[in-house]
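Below: one structure, written as structure tokens.
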Amino acid sequence: DDLKRAANLIRHARYAIALTGAGISVPSGIPDFRSPHSGLWERYDPMEVASLASFRRHPERFYDWIRPLLETTRNARPNPAHEALARLQAAGYLHEIITQNIDGLHEAAGSHDVLPVHGHTRTGTCQQCGRSVEGDLLWRAVEAGEVPRCPTCGGVLKPDVILFGEILPMDIFERARQAAERADLVLVAGSSLEVAPAADLPLITLNRSGSLLIVNLGPTALDWYATLKIEGDVADVLPRIADLVLDD
Ligand code: OAD
Ligand code: ZN
């Protein structure tokens, strides 16, 4: 069946990598972006509130939007899908984990070589003087209902997460691109693959005769190109695939 085929793809890959999106953290209670009734679309359009241009105009609206999400993220724990990828990685079946998520849950599950191509919440940057600050300092102000400000110059602080209209962190994305070039299998989990350039990474592997394995609920932009697509909940499917790969 499909689970066995998936396990065989992983077992026989020379160099497998993963690309994950918001869907892998949905079972941890963090809403995704594009599911119907996703929490993130309820009051604001993320494309609007989470763009660099609108952050510059209305940082307070951005922080009102992200405040509840941050609390959810802080309390979230890795789920069996994150754990399955960590188990495959620990056994040497998976190399880089490229993630579009900013929640840090792959690291929390024990994974290494995690490439957060859309940034992370561990640090922030002053929009005025460029000073880098610890995330804790920034988030304490956000939790207190304020717009976080730079200790040096009073400028507005932005967390080092990537907003729409912003360039991806070059060093991290370059490592992700190289991993996609080296790989002969990409496992996509919980992403609609709607947002370039992260969503184009599997095409690099495919262009070099690699395979694409997708585990997702609902369609993705690359279903047509998938070697195998498994329609299902990542927290159910990934542990079963990992069991098949590892129980041999
Ligand atoms: P999306 O919300 O676009 O896609 C998440 C996918 O996961 C959807 O296809 C869901 O149906 C699916 N899904 C939800 N729960 C699932 C589950 N339990 N098991 C399996 N699949 C599930 O999120 P991303 O693809 O991550 O970027 O979105 C990419 C980028 O768009 C984000 O990183 C963010 C956003 O704009 C920036 O903010 C720069
Ligand atoms: Zn400053």
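First listed ligand is number 1; within each ligand, the first listed atom is number 1.
- Under 4.0 Å is where a charged nitrogen must lie from a carboxylate oxygen, and between Asp243 and Arg240 no such pair does.
- With hydrogens and angles left out, the side-chain atoms of Thr73 and Asp103 include no donor and acceptor closer than 3.5 Å.
- Close contacts of ligand 1 with Gly190, meaning ligand atoms under 4.0 Å from a residue heavy atom, involve 5 (C), 6 (C), 7 (O).
- Considering Gly218, Ser25, Ser28, Ser191 only, the shortest heavy-atom separation from atom 25 (O) of ligand 1 involves Ser191.
- Within ligand 1, counting atoms from 1 as listed, the ones closer than 4.0 Å to a heavy atom of Gly232 are 19 (N), 20 (C).
- If you look at His118 next to ligand 1, the close heavy atoms, those under 4.0 Å, all belong to the side chain.
- Checking Asp236, Asp233, Leu163, Leu217 against atom 21 (N) of ligand 1, the nearest heavy atom belongs to Leu217.
- Residue Ala50 places no heavy atom under 4.0 Å from ligand 1.
- Two residues are said to be in side-chain contact when any heavy atoms from C-beta on lie closer than 4.5 Å; Ile167 and Phe173 fail this criterion.
- Side-chain N/O atoms of Gln100 and Ser191 include a donor and acceptor closer than 3.5 Å.
- Side-chain atoms of Val188 and Asn216, non-hydrogen and from C-beta on, never get closer than 4.5 Å to each other.
- With ligand atoms numbered from 1 in the order given, ligand 1 contributes 35 (C), 36 (O) to contacts under 4.0 Å with heavy atoms of Phe164.
- Residue contact check for ligand 1: Ala81 places no non-hydrogen atom closer than 4.0 Å to it.
- The Zn ion (ligand 2) is the vertex of the angle joining SG of Cys126 and SG of Cys150, which measures 110° to the nearest 10°.
- Under 3.5 Å, the side chains of His82 and Ser25 contain a donor-acceptor pair of N or O atoms.
- Every atom of ligand 1 is numbered from 1 in the order shown, and the set under 4.0 Å from a heavy atom of Ala22 is 23 (O), 24 (P), 26 (O).
- For Pro27, the heavy-atom gap to ligand 1 drops under 4.0 angstrom.
- Between the side chains of Arg11 and Asn8, at least one donor N or O lies within less than 3.5 Å of an accepting N or O.
- Note: Tyr15 and His95 have parallel aromatic rings, judged against thresholds of 30 and 60 degrees for the angle between ring planes.
- Using a 4.0 Å cut-off to heavy atoms of Val26, the atoms of ligand 1 that qualify are 14 (C), 15 (N).
- In this structure, Leu228 and Leu9 have side chains that are in contact, with non-hydrogen atoms separated by less than 4.5 Å.
- In this structure, Glu194 falls outside the shell of residues with a heavy atom less than 4.0 angstrom from ligand 1.
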